[in-house]
Structures are given as structure tokens and as C-alpha cells.
S.K.: 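Can you read through this structure? Questions will come right after.
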Amino acid sequence: MDILPPVLEQWFAARDWTPRVHQRAMLAAARRGDHALLVAPTGAGKTLAGFLPTLTDLIEQPTDRLHTLYVSPLKALAVDVRRNLMTPIEEMALPIRVETRTGDTPSDRKARQRIKPPHILLTTPESLSLLLSYPDAALMFADLQTVIVDEVHAFATQKRGDLLSLSMARLQTINPGLRRVALSATVADVDAYRAWLAPDGDIDTVATVLGEAGAEPNVTILIPQGRVPWSGHSGKYAASQVMAEIAAHQTTLVFCNTRGLAELIFQELWSANDANLPIAIHHGSLSIEARRKVESAMADGKLRALVATASLDLGVDWGNVDCVIQMGAPKGSSRLLQRIGRANHRLDQASEAILIPGNRFEYLEARAALDAVEAGERDADDFRAGSLDVLAQHVMGLACAGPFREEEMLAEIQSATPYSALTPDAFASVLHFIEGGGYALRAYDRFKRLTHDPDGSWRVSHPRFIQQHRLNAGIIVDQPALAVRFANGRKLGTVEEGFAAQLTPGDSFFFSGMALEVVRMDTSDLIVRATSKQARIPSWGGTRMAMSTRLAERVRTFLAQPDQWHRFPPDVREWLDMQKLRSVLPQPGQLLIETFPHEGRHYLLCYSFEGWNAHQSLGMLLTRRMDAQGLMPLGFVSNDYALAIYGLKPVTDPKSLFSADILDHEFIDWVEQSSLLKRAFRDVAVISGLIERQHPGKRKTGRQVTFSTDLIYDVLRKYQPDHLLLKAAWADARARMTDVGRLGDLIDRAATTMLHVSLDRVSPLAVPVLILIGREQVAQSAAEDALLMEAEALVNTAMRAD
């Protein structure tokens with residue numbers, strides 16, 4: 001079953017390679033006709049294992065039709081896989097055509113691919129969905145044998161995974177014999193992924209193939225010259241040490257958790273780059289041209305370091321990378337493993353990685369992540385029911401390909417695991433939404449995209465809606481943004497409107513590794529020129545990554561186990577020792593609440609380790625409740641580890657603030673009165689196709705999209721509060737923006753495990769979060785200096801033993 005064709009055996013032998021056990025197991029699964037999930041470490045040859053059955057099939061049974069569809073989460077990954085896949089194909093002189101199809105593919109090539117597709121097409125979930133919207137999709141995919149989903153952990157639990165699952169269901173309808181394959185290095189719950197992958201969720205049809213373990217990674221935590229900082233999350237204090245590591249290695253990937261942090265770290269490294277080593281920056285807001293240029297330079301070995309975000313987390317294989325540096329806390333063991341795997345990319349050679357914590361809490365998190373990696377622990381995956389806005393987009397796309405019958409479409413959709421529990425009534429509500437926008441919008445012709453014919457079939461109401469769908473389909477909804485351009489028209493990338501609105505001509509900011517001065521701003525463009533002036537770092541919105549629950553549990557355990565502290569640097573041990581002396585270190589599962597006065601204000605500190613989003617939500621709720629109790633709160637700050645609320649009156653009974661009913665009424669009132677629900681509604685309205693981002697030859701500005709969605713939101717809230725999109729927006733706001741699941745866990749824990757400690761002054765554990773007060777609005781160096789002096793005084797007060 002796992003015997004390779006002679007030409008493939010000879011190709012392996014010519015390199016002194018032997019196919020790995022998991023590679024042959026993938027071939028055997030294919031010959032049995034099984035779907036397959038391959039879980040193997042980076043460098044184990046996952047991509048080759050995924051394609052081995054395809055190459056074998058095309059060698060033994062040549063065809064002119066599309067044989068294999070490879071789906072990647074990133075355009076860069078599709079391009080990289082094509083480059084790596086072409087090497088063995090060309091060396092064996094195989095007549096196999098491999099092409100990519102993403103949003104960057106020229107339109108003439110896209111049109112040709114539908115008529116004469118390659119043998120192997122590399123694409124993304126969004127591009128696959130668009131292909132299925134054409135009437136000739138059934139012909140194009142009629143002989144498709146295999147779908148390979150790479151980096152499946154990056155899809156399955158998100159909306160892009162919903163879209164891909166629905167698309168695979170349609171492909172399975174076109175060719176019932178289609179085989180599904182998924183690849184990943186970081187899967188915690190194998191059976192959950194097998195269920196997601198399988199038609200009708202039947203995990204018994206999916207073979208599990210486990211790769212052999214590779215060399216243990218060599219991961220260290222960088223200890224700064226001096227002391228581990230009290231606050232901050234960038235690790236920028238270590239710029240000179242990072243440059244020393246870059247100089248000592250061939251090529252280094254420097255990962256940052258956000259785009260703003262990547263811009264900041266690049267500038268810090270450039271300032272410390274005395275040897276003038278070639279370094280670059282890569283993130284999702286840079287122009288396609290800028291990203292491709294950097295990716296080519298990395299592939300050609302022309303760079304010594306690349307500062308990047310999650311835009312390069314996944315799979316991109318640059319063999320000359322021999323070190324990975326993580327700036328700030330990793331937030332999860334799976335993410336850390338993914339990033340570590342970008343170094344060396346060989347199973348038999350240890351990957352080298354260095355973690356640079358931003359502060360003392362982040363040191364504990366970094367140590368927890370190292371322990372989790374060594375223990376083989378992965379972050380839990382949160383599977384949930386498929387989103388209805390995604391379903392609406394998918395149904396409209398299939399309607400563009402041709403009429404359909406409701407019961408047949410429902411059966412197909414239910415075969416996709418995220419939608420297996422979709423009821424006929426719920427599906428009918430989706431259809432009626434596409435048919436007319438819903439009860440409150442039924443009078444407007446522009447929302448009447450589907451028509452229900454007398455024979456029972458559904459069809460697109462007018463050809464203009466087909467064009468509208470293809471222009472606007474997609475799951476990733478960018479925040480309103482302006483293009484950053486030089487006066488000659490050259491585009492550097494985009495910044496969000498909220499940041500651009502803070503700028504006036506003459507202001508300067510860092511972007512794409514350069515200092516830029518604003519020349520002027522119009523509706524859609526920010527015109528800039530290069531400058532040597534002092535510049536600020538742009539900010540981007542979006543949900544912040546929270547520390548995973550499993551890492552949070554490990555950090556809590558550290559606090560309660562002094563016998564582990566010998567592993568920590570002296571200043572971290574001193575910090576924890578002083579907290580133990582002055583206050584309390586919480587036990588695992590215990591919720592520590594500290595209250596104390598400081599400089600004329602009264603503070604409440606909550607140490608829950610539930611992440612920034614949950615803490616922000618809790619801060620909003622508690623300050624509202626404190627205000628109602630006459631405690632006169634002034635504000636709050638939070639990080640991943642703790643929440644600090646400050647006001648004019650002391651809190652003597654924190655249990656009354658944390659009662660469980662806070663999530664019943666106050667949470668709902670707060671979300672509905674805040675901008676959270678409107679922001680979520682904007683996204684689901686765009687994804688569902690209710691609001692279009694583009695017209696032929698013209699793209700709406702972010703302000704125009706927001707204005708349109710706000711108007712519809714207000715109408716629906718007033719006249720149809722049970723509208724399908726309002727329900728979808730609520731689901732998003734709860735899960736993504738407020739992290740209500742972790743917030744609920746926190747409130748539940750408070751009821752039985754709260755430990756309230758009343759102190760006469762600030763505690764050592766409180767210092768890292770209290771230093772954040774005032775930081776958000778700092779713009780002038782004098783204000784920054786004043787805050788540093790204030791922080792030093794705060795530390796001195798907290799660390800006094802008396």
C-alpha cells in the first residue's frame with residue numbers, strides 16, 4: 001500500500017533520503033481511500049507527506065484535469081509551497097502543472113484557470129469560495145481527487161474554517177469520492193479535528209497519522225542586562241542584546257505579537273544596528289509589493305533578520321533561518337511551537353529560540369510556555385457552531401453558480417461539521433434574510449438578492465447581485481483604513497482611519513521601517529514623504545491575543561510554589577518574596593483581591609489571569625456597579641494578569657461587586673450601550689453580503705461602510721431586534737470582543753474562592769499594572785520622564801519590607 005513509483009524512490013535515493021514512516025502512512029491511507037489528519041512537528045516533511053499521494057497518483061495515472069486542491073491560510077504560504085513543490089517535480093521532470101490562485105493572482109490567469117486548470121492548484125479559503133460561485137465550478141472540480149488543508153489549526157475554530165468546511169461540503173457533492181487531508185504541527189484534540197475534517201463529522205473515516213518526534217528545541221529566556229522590567233510588553237529594552245544574537249546567527253526571525261509592536265521593535269533594532277546588518281519588516285498592513293520583496297530577499301538569503309508578526313507564523317520554509325526570537329510573551333504554547341518551528345526546519349536538528357519577556361509577569365508566562373513546550377502540552381481549541389453570516393455568504397455564492405432546492409442545500413450544509421446542528425427553521429431564516437434583508441428591510445430592492453420560484457427552487461434575483469457578491473465576498477473584514485502613499489503614487493500599505501484621524505500635516509510616524517511625514521490627507525489616501533523627524537508608532541485595532549488558559553494555570557501554580565522560584569532571576573524571586581511577606585500569593589483557582597490607598601486614591605486589584613479582553617470587560621462592568629454604589633470610581637487599567645480600578649472611596653466589600661448577576665443584566669446593558677455591538681454588526685453585515693465594500697471600479701471608504709452599517713443597525717434594533725445579523729453580532733461580541741467565557745469563569749470563581757486582603761499601601765504584585773496608569777495618552781518626552789519618576793517611587797514604596 002505504501003510502495004512508491006520507481007521515479008519517486010530514485011529521487012529519494014539520489015538525496016540519500018528514506019521516506020519517513022508518516023509519509024508512507026499518508027500514501028497508504030490514500031490508497032485505502034481514507035481521509036487523513038497528519039500531526040507532525042515542523043521539519044518532518046508534512047508538506048511532502050501531504051502531496052506524496054498526489055504525485056504518486058499523477059505519475060501512475062496521468063490526467064489533464066485538476067487533481068488536487070491545496071488550501072492555505074496565507075497567500076505567502078501558497079507561494080512558498082509552490083516554490084518548494086516545484087523543486088522535486090522539476091528534478092524528476094514530471095509533466096505536472098502547479099499554480100497558485102489568491103487575491104494577488106492576475107485576472108487573466110484566474111479566467112484561464114477555470115477553463116484549463118493545473119493539476120495542482122494552491123489557494124486560500126476565500127479564493128476557493130469564489131471559484132465555487134461560477135456556473136462551471138461543477139465541471140472544473142468534477143475529477144478533483146484530493147483537498148489538502150495545511151495548518152488546519154489556523155482554520156478550524158474560526159470563521160474562515162466555517163467557510164472552508166462549507167466549501168468542502170460542496171466539493172464533496174460535486175465528487176462524492178473526494179478525499180480530504182489536513183496537516184498541522186500543533187493539534188491538541190485530534191478527534192475534534194478529525195470530526196471537523198470528516199464529511200458528516202464521521203471521525204472513523206479519517207485516519208490519524210502521527211509523525212515521529214523531532215529533536216527537542218533549544219529555547220532560552222533572555223535575561224536583560226540589569227533587571228527584568230516592572231512594566232512594558234515589548235522587550236525593547238533588549239534591542240542591543242537582540243542585535244548581538246542577530247550578528248551571531250545566519251538569519252533570525254524576530255516575532256512580535258502586533259503590527260505596532262513590529263514597527264517599534266524594528267526601529268529599536270535599527271538604532272542598535274551598529275554593524276549595519278540588513279534587516280527588514282513584514283506585517284499584514286504593508287503593501288503586497290513590499291511583502292513580496294521581503295519574502296524574496298529572505299528566500300535568497302539576503303537578510304540577516306526579519307521582524308514579523310503572525311503574517312509569517314505559519315509554514316513558510318526558509319531553510320537558512322537558524323534562530324527565532326519572540327519579543328514579549330508568547331501567549332500560548334502552540335503559538336510558541338509554531339514560531340520555534342520556523343528555525344532550522346529540520347527534524348533532526350534542534351530549533352533555537354529566545355524569549356524576551358516584557359516585564360516580570362511576562363517572565364513567569366515565558367517560563368510557563370517553556371515548561372508547556374517541554375511537556376508536550378498544547379493550547380486548547382475552542383470549537384463552536386458555524387456562524388450564520390458566513391453561511392449567508394456561502395449560500396449566496398452557490399446561488400451565483402446556479403439555482404438550488406432548499407432541502408438539498410440544507411442536507412449538504414449539515415454535512416459540514418460546524419453546521420451539523422443547523423435546523424430547517426434556522427436555515428429558512430438565512431434564506432429569507434438573503435431574499436429580502438429581513439422584515440425591517442423588506443421594502444428596499446437592493447436587499448432582495450434571492451428569489452423563491454413557484455417550483456420551489458431559489459435563484460439570484462438579478463445578475464448585478466452576482467457581480468456584487470464576487471466583488472465583496474470574503475471573511476477577513478479590515479478596519480476602515482487609508483492607503484499610505486508617496487506623492488508619486490507608490491503605495492506603502494495601510495493604516496487604520498482611527499490612527500490617521502489623529503494626524504495633521506507635518507506630523508510624523510513610523511511605517512514600513514521608515515519615518516514618514518504627513519503631507520496631506522484625502523478621502524482614501526494619506527500622502528507622506530520620508531523624514532528624519534521624531535516619529536510615533538502607529539496603532540492598529542483588533543482583538544489582543546490573551547494568554548491561553550493553560551499558560552494562565554501554570555503561572556498561577558508558579559505563584560503558589562516557592563520551591564520553583566530558584567529557576568527565576570534574583571529580582572523576580574525578590575519580587576515574589578516581598579509579595580509573600582507584604583500580602584498574599586494566591587493559590588491555584590483562588591481569586592486574590594487587594595485593596596489599598598495610594599496618593600489620595602483608593603485602589604482595587606483583581607489578579608485573575610484571564611486576559612486583557614476579559615479584564616477590560618470586567619473593568620467596565622465593575623466601575624458601573626461601583627458608581628451605582630456611590631464609590632466614585634475614576635478609571636481602570638488592565639493587562640493579561642490583573643485589573644486595577646481606582647477611585648475616591650475605598651471598597652470594603654468586593655464580593656458584592658462580583659456577584660453572578662452582573663452577567664445577566666449589566667453585561668447586556670453595557671454591550672448594547674457601547675460601540676462593541678455596532679463594531680461586531682459592521683463585520684457580520686459585510687461578511688453576510690448585506691453591505692458591500694466595493695462597487696465596480698470603486699471601493700467604499702471605511703467611513704462610508706461604517707455609516708451604512710450604523711444606519712441599518714439602528715433600524716434593526718428598533719424594528720427587528722431578533723434579526724439574524726443582530727444575533728450573529730451578539731455572538732461575535734460575546735466571544736471575540738469581550739471574552740465572555742473567561743469572564744464568566746472569573747465571576748464563578750469569585751463566588752467561592754475570593755480572598756480579600758486589605759493593605760495599607762501598594763503591594764509588589766500590583767506594581768506592573770499600576771505603572772500602566774497614564775501611559776495610554778503619553779505623547780511628550782517630559783510626560784514620559786514624569787511617569788518614569790512616578791513608577792520608580794511606586795516601586796520603592798511597594799518593595800519596602802516594613
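FYI, the numbering just counts along the sequence from 1. Heavy atoms only: backbone and side chains are in, while hydrogens, waters and symmetry mates are out.
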S.K.: Are Arg717 and Asp714 close enough for a salt bridge, meaning some N to O gap below 4.0 Å?
M.R.: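 Between Asp714 and Arg717 there is no salt bridge, as every charged N stays at least 4.0 Å from the carboxylate O atoms.
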
S.K.: Under 4.0 Å between a side-chain nitrogen and a carboxylate oxygen: does that hold for Asp389 and Lys159?
M.R.: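 Salt bridge between Asp389 and Lys159, a charged N being under 4.0 Å from a carboxylate O: yes.
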
S.K.: If every non-hydrogen atom of Thr709 is compared with every non-hydrogen atom of Ala685, which pair is closest and at what distance?
M.R.: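 In this case the closest contact between Thr709 and Ala685 is CG2-CB, 4.0 Å.
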
S.K.: So, do Val149 and Arg180 sit near enough that their side-chain heavy atoms are less than 4.5 Å apart?
M.R.: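 A side-chain contact under 4.5 Å is absent here.
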
S.K.: Does Arg292 pair with Glu295 as a salt bridge, N-O distance under 4.0 Å?
M.R.: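 Between Glu295 and Arg292 there is a salt bridge, with a charged N closer than 4.0 Å to a carboxylate O.
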
S.K.: State which residue, out of Ile434, Val430, Ile466, fulfils the side-chain contact (heavy atoms from CB on, under 4.5 Å) condition with Met396.
M.R.: Ile434

S.K.: Examine distances only and state if a side-chain atom of Asn175 and a backbone atom of Leu144 form a donor-acceptor pair shorter than 3.5 Å.
M.R.: yes

S.K.: Any sub-3.5 Å donor-acceptor pair from Gln145's side-chain atoms to His67's backbone N or O?
M.R.: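 No, because the side chain of Gln145 does not come within donor-acceptor range (under 3.5 Å) of the backbone of His67.
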
S.K.: Take the angle between the ring planes of Trp458 and His452 and call it parallel below 30°, perpendicular above 60°, tilted in between.
M.R.: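 Trp458 vs His452 ring planes: parallel.
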
S.K.: Salt bridge or not between Arg97 and Asp64? Use side-chain N to carboxylate O under 4.0 Å.
M.R.: no

S.K.: With rounding to the nearest 0.5 Å, note down the distance linking CG in Leu38 to NE2 in His22.
M.R.: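 It comes to 5.5 Å.
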
S.K.: Hey, are the side chains of Pro125 and Val71 touching, using non-hydrogen atoms and a 4.5 Å cut-off?
M.R.: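 A side-chain contact under 4.5 Å exists here.
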
S.K.: Atom CZ in Arg449, atom NE2 in His462: separation rounded to 0.5 Å?
M.R.: 15.5 Å

S.K.: Kindly compute the distance separating CG (Leu450) from CZ (Phe465), expressed to the nearest 0.5 Å.
M.R.: 9.5 Å

S.K.: Ring of Phe141, cation from Arg65 - is the NZ or CZ under 6.0 Å from the centre and inside 45° of the axis?
M.R.: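 So Arg65 doesn't make the cation-pi contact.
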
S.K.: Test Met140 against Leu121 for side-chain contact (heavy atoms from CB on, under 4.5 Å), laying out the working first.
M.R.: CA-CA 11 Å; Met140 178 179 181; Leu121 184 63; 4.0 Å; yes

S.K.: Check whether any side-chain heavy atom of Leu388 sits under 4.5 Å from a side-chain heavy atom of Leu391, and report yes or no.
M.R.: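 Heavy-atom side-chain distance check passes, below 4.5 Å.
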
S.K.: Report yes if the side chains of Val98 and Pro118 come closer than 4.5 Å at any heavy-atom pair, otherwise no.
M.R.: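 No. Closest side-chain heavy atoms not under 4.5 Å.
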
S.K.: Kindly give the heavy-atom pair with the smallest separation between Leu197 and Met168, and that separation in Å.
M.R.: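 Reported closest heavy-atom pair: CD1-CE, 4.4 Å.
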
S.K.: Does the structure place the NZ or CZ of Arg470 under 6.0 Å from the centre of the six-membered ring of Tyr134, at an angle of no more than 45° from the ring's axis?
M.R.: yes

S.K.: Glu408 pairs by side-chain contact (heavy atoms from CB on, under 4.5 Å) with which of Arg405, Glu412, Glu406?
M.R.: Arg405

S.K.: Could you go through Glu289 and Lys491, starting from their C-alpha distance and side-chain angles, then the distance that decides it, and tell me whether this counts as side-chain contact (heavy atoms from CB on, under 4.5 Å)?
M.R.: CA-CA 9 Å; Glu289 295 77 15; Lys491 182 179 177 181; 5.5 Å; no

S.K.: Donor-acceptor check, side chain of Ser688 to backbone of Val684, threshold 3.5 angstrom: yes or no?
M.R.: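 Confirmed, Ser688 side chain pairs with Val684 backbone.
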
S.K.: Do Ser457 side-chain atoms and Pro403 backbone N/O form a donor-acceptor pair below 3.5 Å?
M.R.: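 Here the side-chain-to-backbone pair does not exist.
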
S.K.: Taking side chain as C-beta onward, heavy atoms only, is Leu85 less than 4.5 Å from Thr47?
M.R.: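 Not touching, per the 4.5 Å side-chain cut-off.
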
S.K.: What's the separation between atom CZ in Arg160 and atom OG in Ser129, rounded to the nearest 0.5 Å?
M.R.: 11.5 Å

S.K.: Between Leu132 and Leu171, is a side-chain contact (heavy atoms from CB on, under 4.5 Å) present by the stated rule, with each step listed?
M.R.: CA-CA 8 Å; Leu132 290 170; Leu171 291 173; 3.9 Å; yes

S.K.: Are Leu677 and Phe681 close enough that some pair of their side-chain heavy atoms sits under 4.5 Å apart?
M.R.: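 No; the side chains remain at least 4.5 Å from each other.
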
S.K.: Using modelled atom types and a 3.5 Å cut-off, is there a donor and acceptor pairing between side-chain atoms of Gln414 and backbone atoms of Leu422?
M.R.: yes

S.K.: Rounded at 0.5 Å granularity, tell me how far CG in Leu164 sits from NE2 in His394.
M.R.: 11.0 Å

S.K.: Is there a side-chain contact between Val686 and Gln393 in this structure, where contact means two heavy atoms from C-beta onward sitting under 4.5 Å apart?
M.R.: no

S.K.: What closest approach, in Å, do Trp196 and Gly161 show between heavy atoms, and which atom pair accounts for it?
M.R.: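 Looking at all heavy atoms of both residues, the shortest contact is CZ2-O, 3.5 Å.
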
S.K.: Which pair of non-hydrogen atoms, one from Ile148 and one from Gly50, has the smallest distance, and what is that distance?
M.R.: CD1-O, 3.3 Å

S.K.: Are the aromatic ring centres of Phe51 and Tyr70 under 6.0 angstrom apart?
M.R.: yes

S.K.: Would you mind checking if Arg194 and Asp191 are paired as a salt bridge, meaning a charged N to carboxylate O distance below 4.0 Å?
M.R.: yes

S.K.: What is the minimum heavy-atom distance between Asp200 and Thr417, and which atoms define it?
M.R.: C-OG1, 4.5 Å

S.K.: What pair of heavy atoms forms the shortest contact from Leu726 to Pro721, and how long is it?
M.R.: CD1-O, 3.6 Å

S.K.: Do the non-hydrogen side-chain atoms of Phe383 and Asp189 ever get within less than 4.5 Å of each other?
M.R.: no

S.K.: Just checking, any donor-acceptor pair under 3.5 angstrom between side chains of Thr124 and Thr102?
M.R.: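 No, because no side-chain N or O of Thr124 sits under 3.5 Å from a partner of the opposite role on Thr102.
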
S.K.: Given side-chain contact (heavy atoms from CB on, under 4.5 Å), test Leu690 with Leu441 step by step and report yes or no.
M.R.: CA-CA 10 Å; Leu690 188 72; Leu441 304 175; 4.1 Å; yes

S.K.: Please report whether the ring centroid of Tyr193 lies less than 6.0 Å from that of His153.
M.R.: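 Between Tyr193 and His153, which both carry aromatic rings, the centre distance is not below 6.0 Å.
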
S.K.: Taking Glu99 as the fixed residue, which of Arg112, Lys110, Arg109, Arg114 is the one that meets the salt bridge (Lys or Arg N to Asp or Glu O under 4.0 Å) rule?
M.R.: Arg112

S.K.: Could you state the interatomic distance from OG1 (Thr68) to CG (Leu58), rounded to the nearest 0.5 Å?
M.R.: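 Going from OG1 on Thr68 over to CG on Leu58, the span is 6.5 Å.
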
S.K.: Could you check whether Thr423 and Asp425, counting side-chain N and O atoms only, form a donor-acceptor pair closer than 3.5 Å?
M.R.: no

S.K.: Is there a donor-acceptor pair closer than 3.5 Å between any side-chain N or O of Gln113 and the backbone N or O of Thr100?
M.R.: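 Between the backbone of Thr100 and the side chain of Gln113 there is a qualifying donor-acceptor contact (under 3.5 Å).
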
